[in-house]
Amino acid sequence: MSEAALDARISLTRGTLQVDVSLAAARGEVIGILGPNGGGKTSTVLALAGVLPLEEGHVVVSGTTWETAGGPRRLPEQRSVGLMLADALLFPHLRAIDNVAYGPRSRGVPARAARTRARQELARVGLGDLVDARPSELSSGQAARVALARALAADPDLFLLDEPLSALDPETRARTRSELARRLRDYGGVTVLVTHDPLDALTLADRLVFVEAGAVTQVGTPSEVLREPRTPYVATVVGLNLYAAQADSHEVLTLAGGTPLIVGESPLGQVWAAVSPHAVVLHRERPEGSSRNVWAMRVTEVTLRGQSARVSLTEPLELIAEVTLASVAALGIQVGSHLWASVKATEVSTYPR
Amino acid sequence: MTWRSRLGLGGPALVAVLLLTLPLVALLARADWGRLVSDVTGGTALPALRLSLVTTSSTAVLCLVLGTPLAWLLARSDHAGTRWLRALLTVPLVLPPVVGGVALLMTWGRTGILGQYLSPLGIEIPFTTVAVVVAETFVAMPYYVLAVEGAMRGLDPRLESVARTLGASDLRYLRTVALPLVVPGIASGLALAWARALGEFGATITFAGNFAGRTQTAPLAVYVALQEDPSVATSISIVLLTVSVIVLGLLRGRWIR
């Protein structure tokens, strides 16, 4: 990473939640912040924007100090930020072009130049023919794109997005996501994207920061996180079964409840063990064969996802299996039914905790 | 609905409707329409109506100029003291107007807490046209402030966050976003305040007196005329009724849903 364009430590209290999150990014980088609701994601964004004051920490953007706790603090309007929230929040009494020109106008750009810039920004997000539309005449996807154009029209150094696609219907969301991805590629500043949608994070972000209960629990590129999730929440997001385990030998782990888990090769000590739901095989009778891990389990939940089903199993461990709809029918899987589950030792990946 | 509930609810509702509408019908029925024009243009009626127009308009302007900033500050403050301040500001709403008039005399009168300093300077407020405006503003401004504050509190606070991050100072946000969006609230606040000022009687007669051409507003003129020539009283009343209905109708079509 070259010179950090964003260097921040956000420490503040919101209700009963203690937030302490550090972020760093280079120019042009997109940081995805993921985490459960109420975990401090939005507070982090609002603090970066200057809406919430810091109790401790600092915000430094492109070499300029925006805030140090207890020191001078720039107001939101003195920070070079763009903000985009779940709702487009367009100014309802202004036409699309005047919404987009609002940022440049507020920062002292003459009216004519601001409108020219706004026209360009609208054209950039494919809304060149809707410059004079009123917000009430726009669809939700168009409104989101106007909000995107508006946030970037003043060339902010820091672009903050808080669940920008969550209020859109699935089809509009997919289209707006690709529009957003395209616009972010030409954007030179730092982007901080808060989301709870793994797809947004994996497709838009260069680096992921997981924030749970106010603290950063894992940082990494999408592929690093997909390979080695380090908390149960991260594992859920990337769709893996994850267990905290103790390895006293290289082949046998002991899970939290005392259940043994046989693996191909493990480092010693405290480790994580991850199992892909695709690697879990379900059987009606006790299986013969090479699988070293075999458990008699009970089905607690079955959810359908396209042509496959996710089967949640319990005892002696919590396990999610992903199987085809055909197997659901063939095995007669339903909530409460008893099945055998097997996992090959080589399908368990392990890494130090 | 059963017959029982129809009678049980419909009966009282009908009585309520009659209580509210019958007097209006009676006013129109008893009016001497042939004398309407001469009643209104002759004697004390025209100066009184003109004075009412001038004083209620001044009150509306004072509400707009002083009440809007107050409503804005009230709407944005979440300080504990704000609740008390708001409660204090609503007292004139429930205060008997005559008591308001007495309170104004205690404030602006020759020996009042402000008047004692103004009097030596040659400034006398009571029993002047200015006193009429002060009395009307005293009773009407709370309606305006509460209506506008309600409208301002109804704004999505995230709009402000967005405007601020776009570089707008809080004054620019107020001017370019908040005020344009609360125009309906301002309009209905003005209508409420104006209507309350137009009907003002008790505080005015107590604090400003009843001098024709100077402090005798239309309601005072109606009261005086009723004792001398009831036809003049109904004629002025019909003018006031008509103006009120027109204002209400204009606002309703445009801003009040």
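Within every chain, numbering begins at 1; the chains are lettered A, B, ... in the order of the sequence lines, protein sequences first and strands thereafter.
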Q: State the CZ-CG distance between A/Arg105 and B/Leu166, to the nearest 0.5 angstrom.
A: 13.5 Å

**Q.** More than 12 heavy atoms from other groups under 6.0 Å of CZ on A/Arg9
**A.** yes

(Q) As an exercise, state the distance from CG of B/Leu179 to NE2 of A/His93, rounded to the nearest 0.5 Å. (A) 9.5 Å

Q) Which atom pair, heavy atoms only, marks the closest approach of A/Leu90 to B/Leu159? A) O-CD2, 3.9 Å

(Q) Do B/Arg172 and A/Ser106 pair up side chain to side chain, a donor and an acceptor below 3.5 Å, judged on atom types alone? (A) yes

(Q) As an exercise, state the distance from OG of B/Ser161 to CG of A/Leu160, rounded to the nearest 0.5 Å. (A) 11.5 Å

Q. How about B/Arg83: does its CZ atom have over 12 heavy atoms from other parts shown lying under 6.0 Å from it?
A. no

Q: Decide yes or no for A/Asp87 and B/Arg158: does some side-chain heavy atom of the first lie under 4.5 Å from some side-chain heavy atom of the second?
A: yes

Q) How long is the span from the CG atom in A/Leu89 to the CD atom in B/Glu160, to the nearest 0.5 Å? A) 12.5 Å

**Q.** Part of A/Leu85 lying under 4.5 Å from any heavy atom of chain B
**A.** side chain

Q) Rounded to the nearest 0.5 Å, what separation is found between the CZ atom of A/Phe159 and the OG1 atom of B/Thr165? A) 10.0 Å

Q) Rounded to the nearest 0.5 Å, how far does OG1 of B/Thr176 lie from CG of A/Leu94? A) 7.5 Å

Q.
Does any backbone or side-chain atom of A/Val51 lie under 4.5 Å from a heavy atom of chain B? Answer side chain, backbone, both or neither.
A. side chain

(Q) For B/Tyr173 versus A/Tyr102, what's the shortest heavy-atom pair and its separation? (A) CA-OH, 4.0 Å

